[in-house]
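Before any comments, here is the structure.
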Amino acid sequence: MTNNDTPSQGNFIKQIINEHNRTGRFDNRVHTRFPPEPNGYLHIGHAKSICLNFGIAEEYDGKCNLRFDDTNPTKEEVEYVDSIKEDIRWLGFDWEDREFYASDYFEMLYEYAIKLIKGGKAYVCELTAEQIREYRGTLTEAGKNSPFRDRPVDENLDLFERMRRGEFPDGSRTLRAKIDMAAPNLNMRDPVMYRILHAHHHRTGDDWCIYPTYDWAHGQSDSIESITHSICTLEFEDHRPLYDWFVEQLGIHHPQQIEFARLNITYMVMSKRKLLRLVQDGVVDGWDDPRMPTISGLRRRGYTPASIRDFADRVGVAKKESTIDMALLEHCIREDLNAHALRVMGVLDPLKVVLTNYPEEQVEEMEAVNNPEDPSAGTRTVPFSRELYIERDDFMEDPPRKFFRLAPGREVRLRYGYIIKCEDVIKDGDGNIVELHCTYDPQTKSGMPEANRKVKGTLHWVSAKHALDAEVRLYEQLFAKEDPNEVEEQLDFLSNLNPDSLSLVQAKVEPSLAAAEPGAHYQFERKGYFTVDSKYGRPGAPVFNRTVTLRDTWAKISRKQ
RNA sequence: UGGGGCGUAGCCAAGCGGUAAGGCAUCGGCCUUUGGAGCCGACAUGCGCAGGUUCGAAUCCUGCCGCCCCAGCCA
C-alpha cells in the first residue's frame, strides 16, 4: 500500500522483521494475519491494524491471512463476520483464499491439549471461577496450587474427554495449564485453556461444549497457519510469555508476537463495548451511523478507503500510547476529496434574492467547472434566473470588519454568474430578513472582460425555480469532550455526548444533483464535502451527509473578533 | 510493596554516540471568480528529571519521577 522502498527503515516492527530476515529466523518469509473477533463491527482502530498487517505482508512480498477469532460463542454472530469481510474488502485488501477461523482448529487444539495432559503440563481443575480467583493470589502475593493440580494423567485424560462429551455443567470444570502459581506474571499462574460452555456456535453448531480460551487458541492458530509475525496490541504484552510457553511445550512452529499501541482519536470512543452500547441504547442509528468511528460509519459519512489508508500511514506505529488529533483524520479526507470530488452548488440555509433588473422569464445556463483540481472532470451547466437563493450567513445588515460578503449597498460576485449589488432588505413584521432585492450588472457575466472587476467576495447560489429540495445532515463529533472517557463521578461516557452531533436541514441544491448516486462524493462549494446517503433518500430525492466542512478561515477570524 | 511497558514541540513521529527529519495543528505572507486549494516562511540552544562515562550523549551507565497494562472460565 505504501511504496516500493527497501523496507530497511521504518517503524520498530519493520526493524524487527529486518533483523529476522538478516538472521534467517523465518527463512526470509513474512506471513501476518488480521484476527478479529466477530463480536462487533470494525472501527478505525482496526483499520490501522488491517493496514499494518496487510501492508507489511505486501511490502515484504508475503501474505496476510484473515482469521476470525471465534472462541467465544456467547458473543459472536455471523452478522459480524459478514460486515468484517465487507469492510476489509472495501478498505482495499484481499486475503484471497486465506479465510480462516479459530474454530477450524478446534479438533487440532483438542489433540494438542491431550498432548500437554500426557506430558503432565495440563490438568482438569474443579475449582469454581470464584475459587480460581482466590487461588490465583494477588499482584504482590503468590497464588497457591489447586488441589486438583497433581491429578494423575489418566484421570485428567478421562475427565477431559468427559468434559468434551458434555457430562458436566457449565463452569464446573476447566482444563488448566500447569505452569507456576508463584509466577510474578499472573498469566502464568496456571491459566485456563478450556471452559465448559453449552452454547451454540455460529460455525460449529452444537459440536462442542468446551471452548478454548484466547490464550490457548491464538498462538496455536498462528502456528498452524505458519504465521511469522503475530502483531497485536500492547495489552497482550504480558501474554507473550504464555504464548511462547505453549508453542515451546508443543514443539511446534514458533511465530514472533509483536505488540504496538492501539489507535485513539480525540472526541471518539474506540472500544467495541462502548460502541455496542451506543447502538443498543439507540444513541446512534446503528453501527453504520455516520457519526460512528466504525468503518461502515465512516463509509456512510463519506470517508474514502484511500483517505483511511493515508491516515493509517500518517499516524505511525509505535509502542507509546497516543491519541491522534481528529484534525489529522479530517485533513486526510479533505486532501482526497479535494482532488476527486465534483464541485456543485448547494445552499444549506436559503435566503431569497430577487434581481430586480433581470428579465422576468429569462433563464441562462452558466458554465461551471466540475473540479478545478482536475481539468479532465470537465464542465457542466447551471441555470440562472431572476430569483435565487444564497446562504443566509452570506449577508449581514451591519457587517463587521473583514466581512467580504453581501451587505446593503455592497457588491459581490455570484460564482459563474454576475456581480450583483444589494439595494434593499425586505423584512417581515418581526424584523426578520425574508428577502433581498439586488441588481445585477449585465456586463459582468462570467467570462466577460468586466467580470474581472475586483470584488471582495464570491457567493454560491442556486436558481429558486430550478432548485432541488434535499435533506442535508450536518454532523459534528459525537462527543463534546476531547476525551469522552473523562467523566464526572457517578456518570459514564454517555454524559459526554454532543447534543449537536446531528442536525437536519432542508437545503436547495442545483438540479443536476437529482441524479446523484448513493455513495457519490461532492464538494458543495464554500461549504464542505457531502456524500449521498446510502440508507435514506430515494432516486431523484437524495439525502446528503456532510463528510467534513471546508477549512473556514472566516469562521476563525469572526471567532477572534 | 509484584510483573510488563512507555516518556522527543499543542498532537503524532523519525532519530540507534558526531551536534534534533517529517506530518497535523497554530501563526505570518503571496495567490485566488470556493475566505477552498496551492505556494513561501515561522514554530524544541532542546529530547521526563538528576548525576555519571566520553573530545562529543536524545542515543551508553546509575538513580529518581510520571503515565499505561495485568488479579475473566472476555479478546
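Note on naming: letters A, B, ... go to the chains in the order of the sequence lines (proteins, then strands), and numbering restarts at 1 for each one. Note that the structure is predicted; figures quoted are calculated from it, not measured.
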> Which of the following nucleotides, C12(B), U33(B), G5(B), is nearest to the side chain of K319(A)?
Replying inline: G5(B)
> Taking atom P in both U59(B) and U54(B), what distance in whole Å separates the two?
Replying inline: 16 Å
> So what does L127(A) hit on the nucleic acid, given a heavy-atom distance under 4.0 Å: a base, only sugar-phosphate, or nothing?
Replying inline: base
>> What's the gap between C73(B) and U8(B) when it is taken at their P atoms, as a whole Å value?
In response: 35 Å
> Contact class for D69(A) (heavy atom, under 4.0 Å): base, sugar-phosphate, or nothing?
Replying inline: sugar-phosphate
> What's the verdict on ring-ring contact (aromatic ring centres under 6.0 Å, His included) for Y243(A) and H239(A), showing C-alpha distance, side-chain angles and the deciding distance?
Replying inline: CA-CA 6 Å; Y243(A) 183 107; H239(A) 294 243; over 10 Å; no
>> So if I take every side-chain heavy atom of R415(A) and compare against U33(B), C12(B), C16(B), which nucleotide ends up nearest?
In response: U33(B)
> Which residue, Y522(A), F544(A), F524(A), forms the ring-ring contact (aromatic ring centres under 6.0 Å, His included) with F530(A)?
Replying inline: F524(A)
>> Students often get this wrong, so: under 4.0 angstrom with heavy atoms, is H239(A) touching a base, only sugar-phosphate, or nothing?
In response: base
>> Side chain of E237(A) only, heavy atoms from C-beta on: which candidate in C24(B), G5(B), G35(B) is closest?
In response: G5(B)
> Among the nucleotides C74(B), A13(B), C24(B), which one has an atom lying closest to any side-chain atom of A318(A)?
Replying inline: A13(B)
> Which of the following nucleotides, C73(B), A75(B), G3(B), is nearest to the side chain of P184(A)?
Replying inline: G3(B)
>> Run T74(A) and N72(A) through side chain to side chain donor-acceptor pair (under 3.5 Å) and show every step you take.
In response: CA-CA 5 Å; T74(A) 65; N72(A) 186 352; 2.6 Å; yes
> For F236(A), which contact category applies under a 4.0 Å heavy-atom criterion: base, sugar-phosphate, or nothing?
Replying inline: base
>> For a quick check, tell me whether the side chain of D238(A) and the base of G3(B) share a donor-acceptor pair closer than 3.5 Å.
In response: yes
> Is there a donor-acceptor contact under 3.5 Å from the side chain of S172(A) to the main chain of F168(A)?
Replying inline: no
> A451(A) near the nucleic acid: base, sugar-phosphate alone, or nothing, with a heavy-atom cut-off under 4.0 Å?
Replying inline: base
> Counting side-chain heavy atoms from C-beta on, which of C68(B), C73(B), C24(B) comes nearest to E321(A)?
Replying inline: C68(B)
>> Over all strands shown, is Y194(A) touching base, sugar-phosphate only, or nothing at heavy-atom distances under 4.0 angstrom?
In response: nothing
> So does K481(A) pair up with E486(A), basic N to acidic O under 4.0 Å?
Replying inline: yes
> So what does A129(A) hit on the nucleic acid, given a heavy-atom distance under 4.0 Å: a base, only sugar-phosphate, or nothing?
Replying inline: base
> Can you check side chain to side chain donor-acceptor pair (under 3.5 Å) on T381(A) and E367(A), steps first, answer last?
Replying inline: CA-CA 5 Å; T381(A) 241; E367(A) 184 175 58; over 6 Å; no
>> What contact category does V455(A) fall into here, base, sugar-phosphate, or nothing, at under 4.0 angstrom with non-hydrogen atoms?
In response: nothing
> Out of C73(B), U33(B), G35(B), which has the shortest distance to the side chain of T174(A)?
Replying inline: C73(B)
>> Over all strands shown, is T138(A) touching base, sugar-phosphate only, or nothing at heavy-atom distances under 4.0 angstrom?
In response: base
> Which one, G36(B), A71(B), G3(B), comes nearest to the side chain of P372(A)?
Replying inline: G36(B)
>> When the C1' atoms of G56(B) and G18(B) are compared, how many Å lie between them, rounded to an integer?
In response: 7 Å
> Side chain of T140(A), base of U1(B): donor and acceptor closer than 3.5 Å?
Replying inline: no
> Nearest to the side chain of R343(A), which nucleotide is it out of G35(B), C74(B), U34(B)?
Replying inline: U34(B)
> Checking R195(A) against Y211(A): charged group under 6.0 Å from the ring centre and within 45 degrees of the axis?
Replying inline: no
>> Counting the atoms with a prime plus P, OP1 and OP2 as sugar-phosphate, which does R240(A) contact under 4.0 Å by heavy atoms, base, sugar-phosphate, or nothing?
In response: nothing
>> Mind checking if L197(A) touches a base, just sugar-phosphate, or nothing, with heavy atoms under 4.0 Å?
In response: nothing
>> Roughly how many Å apart are U19(B) and A58(B), using the C1' atom of each and rounding to a whole number?
In response: 11 Å
>> Suppose you measure atom P in G48(B) against the same atom in G15(B); what distance do you get, rounded to whole Å?
In response: 16 Å
> Do W216(A) and F246(A) pass the ring-ring contact (aromatic ring centres under 6.0 Å, His included) test, and can you show the C-alpha distance, the side-chain angles, and the key distance before you say yes or no?
Replying inline: CA-CA 8 Å; W216(A) 172 237; F246(A) 280 132; 4.9 Å; yes
>> Any base atoms under 4.0 Å from G447(A), or only sugar-phosphate, or nothing? Heavy atoms, all strands.
In response: base
>> Once hydrogens and angles are ignored, does a donor-acceptor distance under 3.5 Å link the base of G10(B) to the side chain of E482(A)?
In response: no
> Does the aromatic ring of Y214(A) sit over the six-membered base ring of A75(B), closer than 5.5 Å centre to centre and tilted less than 30°?
Replying inline: no
> Contact class for Q523(A) vs. all strands (heavy atom < 4.0 Å): base, sugar-phosphate, or nothing?
Replying inline: base
> When the P atoms of G7(B) and U53(B) are considered, how many whole Å apart are they?
Replying inline: 26 Å
> Which part of the nucleic acid, if any, lies within reach of T213(A) when heavy atoms closer than 4.0 Å are counted: base, sugar-phosphate only, or nothing?
Replying inline: sugar-phosphate
> In terms of side-chain heavy atoms of K556(A), which of U33(B), A75(B), U26(B) is nearest?
Replying inline: U26(B)
